Q: 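Below are the structure tokens for one structure; questions will follow.
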Amino acid sequence: MRWSNLFIPTLRDAPADAEAASHALLVKGGFIRQLHSGHYSLLPLGWRVHQKVENIVREEMDNIGGQEFLLPTMHPAGVWKRSGRWETMGEIMFRLTDRRHNELALGITHEEIFATVAAELSSYKELPQLWYQIQTKFRDEARPKSGLLRVREFAMKDSYSFDIDWDGLDKQFETHRVAYTRIFERLGLPAFPVEASSGAMGGKDSVEFMVPCPAGEDDVIICPNCDYAANVEKATARLESVDDGPPADTPERFPTPGIRTIAALEEAGAPAASQIKTMVMVADGRITLALVRGDHQLNTQKFIDATGTIELRPATPEETQTHLGALPGSLGAVGVIDLPVIADEALRGRTNMTTGANEDDWHYRGVDIGRDIAVGQWADLREVSAGEACINCGAALDTVRCVEAGHIFKLGSGYAETFGVTVSDADGVQRPVVMGSYGIGIGRNMATVAETHHDEKGLCWPVSVAPYEAVITVLKLDEATMSAAEELYDGLRAGGVDVLLDDRDARAGVKFADAELIGIPYRLTVGPKGLADGEIELTVRANGGNKRLSLESAVETVADAIAAERRG
RNA sequence: CGGGAUGUGGCGCAGUUUGGCUAGCGCACCUGCUUUGGGAGCAGGGGGUCGGGAGUUCAAAUCUCCCCAUCCCGACCA
């Protein structure tokens, strides 16, 4: 393409409200424009990158036997009501009504829809199947942010596997893990797999692919010594046992005027590790007490996973007062029998604990959690933090901020049962199929590549996803220079290179700066000075290296270099 | 949903405190001349419902009220 005919609206300054590097650079470089919060137009440059990312994903899915579909993105409510997610998806799902007053939804994912199609499967002989699509998803995010990293409308590759048994699912899951690893390699993303929460719909193994990046939204706990890595929503760590000393015979109520915090109570003589922190949560409308050690923090996703809660929020002070008779700071679960109590495993077996007495300015000490508190459920609720000991090897854990670039998990047979996806097995018995679900956000990956491939001059796309692989920068539009440039242009195009010819009537500095901003991997500078020696100049965006090439050898040299990098 | 901030031409901003002439600056854009290997110079020019609505006033970008939009932080830390 000739730059003079292209719409590449680069900006001298990035919009002031673009904070994430990818956001600022994609707007500044003329790749995207915002329509409104969470919805972006992809301009020609952006669309080319998007399509390249998409094609890499498509190739790798086809490689493992995936069959591409395209399912509707507008769905009747009934399908979602059938799976129960009409309710459980809550406000994240866009809903609308048609002229006949039918309820509809815009797809946030497509388990239900693929399951309705899969209902036609009838024999184990048809299995396994691997189906996927690259389709727009809609999610009414509470807070869209950071350009393409978190949006309300985005393309996602979602695939679903159908097997006769868990062994088959395990194989497809493993196949996906390998395919995803390939995809991220080709995108140039330093993604690594971590254990993750699979969310409310259950499922067994859940693996997220994470890319370290400050603009991300997930905290990942990683071990620098072994291969342990987990989302903080799932991570566990070794815990040293605490010596509680001889247990007290009975809890003792004692006055604690003005004491409202763990720290204040610690100053009054109760170590935080010997306190029980009582959090009043409202889980699907039900007041529930969540107990963790005084120096620990509750992870709400763990609470949700442990209890199957759909909607969780902390109780208001008023609710707390009503149900427990005291305000935060003096709360406890001793003697509470009318509310569900869920306690963190770190509290199991502990004695001589201190906790609130449900009367302002009073606490209990000498509490034996097994004896004095009616714990209805024990679960891993606490959030692991950096410095704790790895569950596997004991090394000090690190925490890393990451972008979730992909997610694979084992669904099991839940949807198959609901939607009647059953097949006859070898014995003629009807069995629900076993499903897996696998997702990669296209736009998010594009943004993540931008996050990890840029410098002070702009973007530095890997060849695999660059909007153009090479740009010919023509420094003077006279006939001699142009004809040399055209010759290169034709040669590179004939050699299968995505090449951009910068034939704009602009100053050299502008052309160099724009080429660097939009991140074209290879720049061929054609100007009278070089041509006098029969040479052009090749500049590599990623490292700034440059060398002169003879006009004759340039096409081959550049085409070969690009071909070598194209597969990522 | 809670908190904070911001809305003035395509982008970046000033002007708002203390109401007052025709709403300004830089970049970008158009025309001409000069220039031309790292974001040119000079001259001329075009483009604005000052987020929207209502109000106060002789007079509103500026004051009051309501609404909207966008960005950032938070939405367990008892």
Side-chain angles (χ1 to χ4, degrees), chain A residues 7 9-20 23-24 27-28 30 33-39 90-91 142-147 150 215 217 232-233 256 259-265 272 275-283 288-304 311-317 320-321 324 326-333 344 355-356 358 360 363 381-383 385 457-458 473-478 481 504-517 523 525-532 535-537 539 544 546 548:
Chain A
F7 182 62
T10 60
L11 301 173
R12 199 72 166 264
D13 303 297
D17 55 16
E19 201 138 292
H23 185 193
V27 173
K28 193 176 174 196
R33 287 294 184 266
Q34 177 174 294
L35 177 63
H36 65 142
S37 184
H39 300 261
E91 292 188 307
R143 182 147 90 90
K145 55 178 287 201
S146 307
R150 181 163 219 86
E217 297 180 282
V232 73
E233 295 174 346
T256 48
I259 290 179
R260 291 288 183 276
T261 63
I262 299 289
L265 197 54
Q275 295 184 37
I276 302 171
K277 185 151 69 180
T278 306
M279 322 257 254
V280 186
M281 307 300 291
V282 182
T288 303
L289 302 187
L291 311 185
V292 295
R293 216 169 80 177
D295 55 339
H296 290 165
Q297 296 179 359
L298 174 68
N299 182 288
T300 49
Q301 188 62 44
K302 286 186 172 181
F303 182 106
I304 286 168
E311 199 187 326
L312 183 68
R313 64 173 173 85
T316 64
T320 302
Q321 178 81 53
L324 291 177
L327 288 169
S330 306
L331 303 177
D344 180 60
T355 190
N358 288 337
D360 291 345
H363 281 75
L381 296 178
R382 77 182 188 94
E383 185 164 305
S385 48
K457 291 175 176 171
T473 303
V474 190
L475 295 182
K476 192 168 161 86
L477 301 184
D478 63 0
T481 316
R504 293 175 298 168
D505 182 15
R507 304 177 70 80
V510 172
K511 294 188 176 194
F512 291 151
D514 273 347
E516 282 154 357
L517 173 61
R523 186 182 84 210
T525 309
V526 182
K529 284 185 188 170
L531 286 180
E535 291 180 333
I536 58 113
E537 190 175 318
T539 306
N546 64 72
R548 302 190 101 189

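Values reported hereafter were calculated over all heavy atoms of this structure, with side chains retained and with hydrogens, waters and symmetry mates removed. Here is how names work: the chains are called A, B, and so on, in the same order as the sequence lines, proteins then strands, and each is numbered from 1. Model, not experiment: these values are computed from the prediction.
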Q: Is a donor on one side and an acceptor on the other found under 3.5 Å between the side chain of Asp360(A) and the backbone of Ser330(A)?
A: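 Checked: no pair found.
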Q: Where the side chain of Arg143(A) is concerned, which of rC72(B), rC71(B), rG38(B) is the nearest nucleotide?
A: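 Output: rC72(B).
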Q: Hey, which of these two, Thr10(A) or Ala14(A), hits RNA chain B nearer its 5' end, going by closest nucleotide?
A: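 Going by which nucleotide is closer to the 5' end, it is Ala14(A).
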Q: Could you state the atom-to-atom distance from CZ of Arg33(A) to C1' of rG10(B) in whole Å?
A: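 Arg33(A) atom CZ is separated from rG10(B) atom C1' by 8 Å.
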Q: Expressed in whole Å, how much space separates the P atoms belonging to rC58(B) and rG19(B)?
A: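 Approximately 15 Å lies between the P atom of rC58(B) and that of rG19(B).
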Q: Base, sugar-phosphate or nothing for Ala16(A)? Non-hydrogen atoms, less than 4.0 Å.
A: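 Sugar-phosphate contact only.
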Q: Looking at Arg507(A), does any N or O in its side chain come under 4.0 Å of the phosphate oxygens OP1/OP2 on rG37(B)?
A: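 False: Arg507(A) side-chain N/O out of range (4.0 Å or more) of rG37(B) OP1/OP2.
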Q: Do any side-chain nitrogens or oxygens of Lys28(A) fall under 4.0 Å of OP1 or OP2 in rG12(B)?
A: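 Checking Lys28(A) against rG12(B): no side-chain N or O falls below 4.0 Å of OP1 or OP2.
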Q: Let me know the distance between CD of Glu217(A) and P of rA75(B), rounded to the nearest Å.
A: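 So the CD-P distance, Glu217(A) to rA75(B), works out to 12 Å.
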Q: Expressed in angstrom and rounded to an integer, what is the separation of Asp13(A) atom CG from rG39(B) atom C1'?
A: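 Spelled out: CG on Asp13(A) to C1' on rG39(B) is 11 Å.
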Q: Does a side-chain N or O of Thr261(A) approach OP1 or OP2 of rC77(B) to a distance below 4.0 Å, or not?
A: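 For rC77(B), neither OP1 nor OP2 has a side-chain N or O of Thr261(A) closer than 4.0 Å.
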Q: Nearest to the side chain of Pro15(A), heavy atoms from C-beta on, is which of rG39(B), rC11(B), rA78(B)?
A: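 That would be rC11(B).
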Q: With a 3.5 angstrom cut-off on both distances, give the Watson-Crick or G-U wobble partner of rG20(B), or none if there isn't one.
A: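 Looking at the geometry, rG20(B) pairs with rC58(B).
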Q: Select one nucleotide: of rG38(B), rU70(B), rC11(B), the one nearest the side-chain heavy atoms of Leu11(A).
A: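 In terms of side-chain proximity for Leu11(A), the closest of rG38(B), rU70(B), rC11(B) is rC11(B).
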Q: Could you work out the separation of rC29(B) and rG47(B) based on their C1' atoms and round it to a whole Å?
A: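 Here rC29(B) and rG47(B) have their C1' atoms 9 Å from each other.
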Q: For nucleotides rA23(B) and rA59(B), find the distance between their C1' atoms and express it as a whole number of Å.
A: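 The same atom, C1', in both gives a distance of 15 Å.
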Q: Can you tell me how far P in rU34(B) sits from the matching atom in rC72(B), rounded to whole Å?
A: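 These two P atoms come out 49 Å apart once rounded.
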Q: At what distance, to the nearest 0.5 angstrom, does CD of Gln275(A) lie from CG of Asp295(A)?
A: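 If I round to the nearest 0.5 Å, the distance is 8.5 Å.
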Q: According to the Watson-Crick and G-U wobble definitions, with both distances under 3.5 Å, which nucleotide is paired to rG32(B)?
A: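 With both distances under 3.5 Å, rG32(B) matches rC42(B).
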Q: Any idea which of rA78(B), rC73(B), rG38(B) is nearest the Ala508(A) side chain?
A: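 That would be rG38(B).
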Q: Could you work out which one of rC11(B), rC76(B), rC71(B) sits closest to the side chain of Pro314(A)?
A: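 The answer is rC76(B).
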Q: In Watson-Crick or G-U wobble terms, both distances under 3.5 Å, what is the partner of rG37(B)?
A: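 Across any shown strand, rG37(B) pairs with none.
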Q: Could you give the distance separating rG10(B) and rC30(B) at their P atoms, to the nearest angstrom?
A: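 These two P atoms come out 16 Å apart once rounded.
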Q: Taking Phe512(A) as the fixed residue, which of Thr539(A), Leu517(A), Leu475(A) is the one that meets the side-chain contact (heavy atoms from CB on, under 4.5 Å) rule?
A: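 Considering Thr539(A), Leu517(A), Leu475(A), a side-chain contact (heavy atoms from CB on, under 4.5 Å) with Phe512(A) is found only for Leu475(A).
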Q: Separation of Leu35(A) atom CG from rC71(B) atom P, in whole Å?
A: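 Distance, rounded to whole Å: 12 Å.
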Q: Using atom CZ of Arg12(A) as one end and atom P of rG10(B) as the other, report the distance to the nearest whole Å.
A: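 After rounding, the reported distance stands at 19 Å.
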Q: Select base, sugar-phosphate, or nothing to describe what Glu19(A) touches, counting heavy atoms under 4.0 Å on all strands.
A: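 It contacts sugar-phosphate atoms only.
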Q: So Arg548(A), base contact, sugar-phosphate only, or nothing? Heavy-atom distance under 4.0 Å.
A: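 Counting heavy atoms under 4.0 Å across all strands, no contact is made by Arg548(A).
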Q: Nearest heavy-atom pair of Arg504(A) and Asp514(A): which atoms, and what distance?
A: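 Looking at all heavy atoms of both residues, the closest pair is NH1-OD2, 2.9 Å.
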Q: Counting any heavy atom closer than 4.0 Å, what does Thr539(A) reach on the DNA or RNA strands: base, sugar-phosphate only, or nothing?
A: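 Since no nucleic acid heavy atom lies under 4.0 Å of Thr539(A), the category is nothing.
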Q: Any strand is fair game: report the nucleotide pairing with rA75(B) by Watson-Crick or G-U wobble, both distances under 3.5 Å, or none.
A: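 The answer is none; no pair meets the criterion.
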Q: How would you label the contact of Asp514(A) with the nucleic acid (heavy atoms, under 4.0 Å): base, sugar-phosphate, or nothing?
A: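 Base contact.
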Q: Looking at Glu383(A), is its backbone amide N or carbonyl O close enough to the side chain of Lys302(A) to form a donor-acceptor pair, meaning the two atoms are under 3.5 Å apart?
A: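 Here the side-chain-to-backbone pair does not exist.
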Q: Find the distance Lys145(A):NZ to rG4(B):P and express it as a whole number of Å.
A: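 About 19 Å, once rounded to whole Å.
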Q: May I ask you to say what His36(A) touches in the nucleic acid, namely base, sugar-phosphate or nothing, with a heavy-atom cut-off under 4.0 Å?
A: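 If one applies the 4.0 Å heavy-atom cut-off, His36(A) turns out to touch the sugar-phosphate alone, with no base involved.
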Q: Under 4.0 angstrom, heavy atoms only, what part of the nucleic acid is Val280(A) near: base, sugar-phosphate, or nothing?
A: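 Answer is base: heavy atoms of Val280(A) come under 4.0 Å of a base.
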Q: Want to settle it: does Gly509(A) or Asn299(A) sit nearer the 5' end of RNA chain B, counting the closest nucleotide to each?
A: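 Per heavy-atom nearest nucleotide, the more 5' residue is Gly509(A).
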Q: Any base atoms under 4.0 Å from Gly356(A), or only sugar-phosphate, or nothing? Heavy atoms, all strands.
A: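 The residue Gly356(A) makes no contact with any strand.
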Q: Contact class for Gly527(A) vs. all strands (heavy atom < 4.0 Å): base, sugar-phosphate, or nothing?
A: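 Contact class for Gly527(A): base.
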Q: P atom, rU8(B) versus rC71(B): distance in rounded Å?
A: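 Nearest-Å result for rU8(B) against rC71(B) at atom P: 14 Å.
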Q: Take atom P in rU17(B) and the same atom in rU6(B), then report the distance between them in whole Å.
A: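 These two P atoms come out 15 Å apart once rounded.
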Q: State which residue, out of Thr355(A), Asn358(A), Leu289(A), fulfils the side-chain contact (heavy atoms from CB on, under 4.5 Å) condition with Leu331(A).
A: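 Considering Thr355(A), Asn358(A), Leu289(A), a side-chain contact (heavy atoms from CB on, under 4.5 Å) with Leu331(A) is found only for Asn358(A).
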Q: Identify the nucleotide, in any strand shown, that forms a Watson-Crick or G-U wobble pair with rC65(B), with both distances under 3.5 Å; if there is none, say none.
A: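 Across any shown strand, rC65(B) pairs with rG53(B).
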Q: With both distances under 3.5 Å as the test, what is the Watson-Crick or G-U wobble partner of rC27(B)?
A: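 Pair assignment: rC27(B) / rG10(B).
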Q: Applying a 4.0 Å non-hydrogen cut-off, can you work out what Glu537(A) is touching in the nucleic acid: base, sugar-phosphate, or nothing?
A: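 Base, at least one base atom sits under 4.0 Å.
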Q: Mind checking Ala18(A) for me? I need base, sugar-phosphate or nothing, with any heavy atom below 4.0 Å counting as a touch.
A: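 Counting heavy atoms under 4.0 Å across all strands, no contact is made by Ala18(A).
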Q: For residues Ala20(A) and Ala215(A), report the shortest heavy-atom separation together with the two atoms involved.
A: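 Where Ala20(A) meets Ala215(A) most closely, the heavy atoms are CB-CB, 4.0 Å.
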Q: Could you check how far CZ of Phe512(A) sits from P of rA40(B), rounded to whole Å?
A: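 Result: 12 Å.
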Q: Which whole-number value in Å describes the distance from Arg504(A) CZ to rC29(B) P?
A: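 Checked: the CZ to P distance equals 10 Å.
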Q: Have a look at Glu516(A) and say if it touches a base, only the backbone sugar-phosphate, or nothing, with a 4.0 Å heavy-atom cut-off.
A: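 Base, at least one base atom sits under 4.0 Å.
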Q: Any salt bridge linking Glu516(A) with Arg523(A)? Criterion: basic side-chain nitrogen under 4.0 Å from a carboxylate oxygen.
A: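 Here Glu516(A) pairs with Arg523(A) in a salt bridge, since their nearest N and O are under 4.0 Å apart.
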Q: Could you go through the side-chain contact (heavy atoms from CB on, under 4.5 Å) check for Arg293(A) and Asp344(A) one step at a time?
A: CA-CA 8 Å; Arg293(A) 216 169 80 177; Asp344(A) 180 60; 5.8 Å; no
Q: For a quick test of reading the model: is some side-chain N or O of Gln34(A) closer than 4.0 Å to OP1 or OP2 of rC71(B)?
A: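 True: Gln34(A) side-chain N/O within range (under 4.0 Å) of rC71(B) OP1/OP2.
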Q: Given the P atoms of rC13(B) and rA60(B), what is the spacing between them in whole Å?
A: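 It works out to 28 Å between them.
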